[in-house]
Undergrad: 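Below you will find the structure I want to go over with you.
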Amino acid sequence: MSENDAVANRLDEIADLLEAMDVDFKPRAYRRAADHIRELDRPVEQIATEGQDALEEIEGVGEAIAEKIIEYLETGSIEELEDLRESLPVEMSALTRVEGIGPKRVGMLYEALGIRTLDELAAAAEAGEIQTVPGFGEKSEQNILDHIPFARQAAKRHLLYVARSLADEILDEFAAIDAVDRCEVAGSIRRWLPTIGDVDILIATDVGGSLTTTIESLAFAAETIEAGDRKASYRTEEGIRVDFRFIEPSVFGAALQYFTGSKHHNVQVRQRAIDRGLKVNEYGVFTGTDERIAGETEESVYEVVDLPWMAPEIREGRGEIEAADAGALPTLLESSDMRGDLHVHSDWSDGSMSIADMVDAADTLGLEYLAITDHATGPGVVAGTGVEDAELLRQREEIDHANQSTDVTVLHGVEANIDAEGGISVSDAVLEELDIVIASPHAALTQDREQATERLLHAISHPQVNIIGHPTGRKLGQRPGLPIDIERVAKAAASQHVALEVNSHPVRLDLEGEAVKTVIEHGGTIAISTDAHVGHELELIRYGVHTARRGWAEPSNVLTAWTVEEVRSFID
DNA sequence: GCCGTTTTCGGCCCGACTGTTTTCAGTCG
């Protein structure tokens, strides 16, 4: 967890505790500050070194909160938070993770029954004590019993891949229902975030909540959380929450725009509407006299605030509105622009298919070129799976053979390892013989920012290296990866004609979108590849494409969208 | 506690759903 998250979590806890004590408005201020700190693009401790004034420049942070941030950074705790914890000694974040329990009810349960932990909450519910507390009843008690198991398995985010697959299945089911006009996924899935909290589905229909009986009969809806006329929520067997909105077809665009987000983007769009005397909500765009002037399509919503429609991937409040005003929105990369894959494994290392079968799979997908880049031996590569230097030279024959029987241009490469100091695990003499060289970090992934950055800079400076593979080595939900200074890495890579990879594997998505944007701003080149270990994984490229789109990538920024001749001239 | 081209004081997003309320509070997104 970054220091920003640590600070934000403490401010959120102050907010929750104050809210439990019935304090008005302050909680909102602390939450707002926490949100903005969580989304800062640099470490809050770095800002703090510039003084308290610099902290107060952060949106939502004033004198009092700035002082608390400094107190936390200097002493590791905040006195006011400690005092609040003393007067309400509850495990706030654990308890509020229970669906239907918020800070106020935590306060009520502590006052009435002295409940401090999930275990005590469970015990009280089992003993039938909850329903004796004013404001609670039998149903609240049963609800608590039902939801404690989910609260115990920490607030878990799901991989985009898992969520999108589920969403696609649900969309298929709804496409077959007569009363459904249109059905779209919204929220963070539509923006292609690497991980998502829940699945948001919008349904255009005139029959509203009567669809809930149909939904309840579908296999994914293991549990009904709520079911109303305008919205309904369910949980799958795997614990993924799926939220539905039932929308009148005539305002579907407004709802789609509203529920796609992000929050920051929508705040900016709403502000533009206010500046023009208009109001935007999920039901449309309205004039001062409440006349609806837009909403059937997303385009119509943007049009009345003088903006072009923009792709969901860039709706993050990272300058897209300003770019639109300046006429400088990117012409984003499309999946159909992709021509090749430059990071693929075979059974020479830890892949499960022969080179010929991987080439066949690439041919079927219409790829123009494919680089076979098996693992070299080295730190972080499972013993016995990496290819030794001599073996690598022998692999050439099989590559040449594959090239004779296909339209796909097969390049001979390697995925070498970057050791902790930035050295490359394959000898220069062997690298010379290859068409293309990827160098990736596989071990020593807990270095600090300086070490990690120097390490990559050293690897980039190696004359034979063409691509840095999964530059941070992160694995979603498993490890955060190297905390590199992406600006320095991007500058060095751009000046030395080394591409930085967007690894499309759903567990990696590395580099991620924001980093891609930095690379492109510094004139760098991105290589979107799959890291496929079996033929069907070549189809995962779309996750890399959409991740790159989150970084405003155009075809000209993406090595694997170029022709093979252009690629050869880049790597020469 | 924060913030300001309506304001340095007086506001703070809001709509939907559920449950326990007999008119609304708490939670959620």
Undergrad: In whole angstrom, give me the gap between the C1' atoms of dG11(B) and dT6(B).
TA: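 Straight-line distance between the two C1' atoms is 12 Å.
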
Undergrad: For atom C1', what is the distance between dT8(B) and dC13(B), given to the nearest Å?
TA: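 It comes out at 23 Å once rounded to the nearest Å.
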
Undergrad: So that I can tick it off, tell me whether Asp243(A) and Arg241(A) are bridged by a salt bridge, with the cut-off set at under 4.0 angstrom between side-chain N and carboxylate O.
TA: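 Looking at Asp243(A) together with Arg241(A), the answer is yes, because their closest N to O distance falls below 4.0 Å.
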
Undergrad: Would you mind classifying the nucleic acid contact of Lys26(A) as base, sugar-phosphate or nothing, using non-hydrogen atoms under 4.0 angstrom?
TA: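 Counting heavy atoms under 4.0 Å across all strands, the contact made by Lys26(A) includes a base.
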
Undergrad: Considering residues, nucleotides and ligands other than Asp172(A), do more than 12 of their heavy atoms fall under 6.0 Å from its CG?
TA: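 Yes.
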
Undergrad: Mind checking if Asn281(A) touches a base, just sugar-phosphate, or nothing, with heavy atoms under 4.0 Å?
TA: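 No contact.
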
Undergrad: Is the distance from the ring center of Tyr30(A) to that of Phe25(A) below 6.0 Å?
TA: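 For Tyr30(A) and Phe25(A), the ring centres are not under 6.0 Å apart.
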
Undergrad: Rounded to whole angstrom, note down the C1' distance from dG1(B) over to dT5(B).
TA: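 Between the two C1' atoms, the distance is 23 Å.
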
Undergrad: So, applying side chain to side chain donor-acceptor pair (under 3.5 Å) with His265(A), which one of Glu320(A), Glu316(A), Arg315(A) is it?
TA: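 Per the side chain to side chain donor-acceptor pair (under 3.5 Å) rule, the option paired with His265(A) is Glu320(A), out of Glu320(A), Glu316(A), Arg315(A).
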
Undergrad: Categorize Ala227(A) for me: base, sugar-phosphate, or nothing, with a 4.0 angstrom heavy-atom threshold over every strand shown.
TA: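 The answer is sugar-phosphate, as Ala227(A) gets under 4.0 Å only of primed atoms, P, OP1 or OP2.
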
Undergrad: Which residue lies toward the 5' end of DNA chain B, Ile65(A) or Val106(A), if each is placed at its nearest nucleotide?
TA: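 The answer here is Ile65(A).
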
Undergrad: Roughly how far apart, to the nearest Å, are dT7(B) and dC14(B) at atom C1'?
TA: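 Per the computed distance, 23 Å lies between those C1' atoms.
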
Undergrad: Does Asn143(A) or Ile101(A) map to a spot on DNA chain B nearer the 5' end, using the closest nucleotide for each?
TA: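 Its nucleotide being nearer the 5' end, the pick is Asn143(A).
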
Undergrad: Which part of the nucleic acid does Arg270(A) contact within heavy-atom distance under 4.0 Å: base, sugar-phosphate only, or nothing?
TA: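 The residue Arg270(A) makes no contact with any strand.
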
Undergrad: Which residue is it: Glu50(A), Glu487(A), Glu3(A)? I am looking for the one with a salt bridge (charged side-chain N to carboxylate O under 4.0 Å, His left out) to Arg42(A).
TA: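 Filter result, single survivor: Glu50(A).
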
Undergrad: Is the Phe220(A) ring parallel, tilted or perpendicular to the Tyr234(A) ring (thresholds 30°, 60°)?
TA: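 Perpendicular: the ring planes of Phe220(A) and Tyr234(A) meet at over 60°.
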
Undergrad: How would you label the contact of Val98(A) with the nucleic acid (heavy atoms, under 4.0 Å): base, sugar-phosphate, or nothing?
TA: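 It contacts sugar-phosphate atoms only.
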
Undergrad: Across the strands shown, which category fits Gly135(A) at heavy-atom distances under 4.0 angstrom: base, sugar-phosphate, nothing?
TA: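 The answer is sugar-phosphate, as Gly135(A) gets under 4.0 Å only of primed atoms, P, OP1 or OP2.
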
Undergrad: Could you give the distance separating dG19(B) and dC12(B) at their C1' atoms, to the nearest angstrom?
TA: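 It comes out at 28 Å once rounded to the nearest Å.
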
Undergrad: For Tyr283(A), report the nucleic acid contact type (base, sugar-phosphate, nothing); a contact means any heavy atom under 4.0 Å.
TA: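 Sugar-phosphate contact only.
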
Undergrad: What is the first contacted nucleotide of DNA chain B and what is the last, in 5' to 3' order, if contact means an atom lying under 4.0 angstrom from a heavy atom of chain A?
TA: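 Terminal contacting nucleotides, 5' to 3': dG1(B) to dG29(B).
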
Undergrad: Using a 4.0 Å heavy-atom cut-off, does Arg241(A) contact any base of the nucleic acid, only the sugar-phosphate backbone, or nothing at all?
TA: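 Contact class for Arg241(A): sugar-phosphate only.
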
Undergrad: Parallel, tilted or perpendicular: which one describes the rings of Phe150(A) and His147(A), with boundaries at 30° and 60°?
TA: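 Rings of Phe150(A) and His147(A): tilted, 30 to 60°.
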
Undergrad: Say you pick atom P in dA25(B) and the same atom in dT21(B); how far apart are they, in whole Å?
TA: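 To the nearest whole Å, 13 Å.
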
Undergrad: Under the rule for side chain to side chain contact (heavy atoms under 4.5 Å, CB included), what residues qualify as partners of Asp290(A), not counting sequence neighbours?
TA: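 Side chain to side chain contact (heavy atoms under 4.5 Å, CB included) list for Asp290(A), sorted by chain: Phe286(A).
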
Undergrad: Any strand is fair game: report the nucleotide pairing with dG26(B) by Watson-Crick or G-U wobble, both distances under 3.5 Å, or none.
TA: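 Because both required distances fall under 3.5 Å, dG26(B) counts as paired with dC17(B).
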
Undergrad: Mind checking Phe259(A) for me? I need base, sugar-phosphate or nothing, with any heavy atom below 4.0 Å counting as a touch.
TA: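 Result for Phe259(A) = nothing.
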
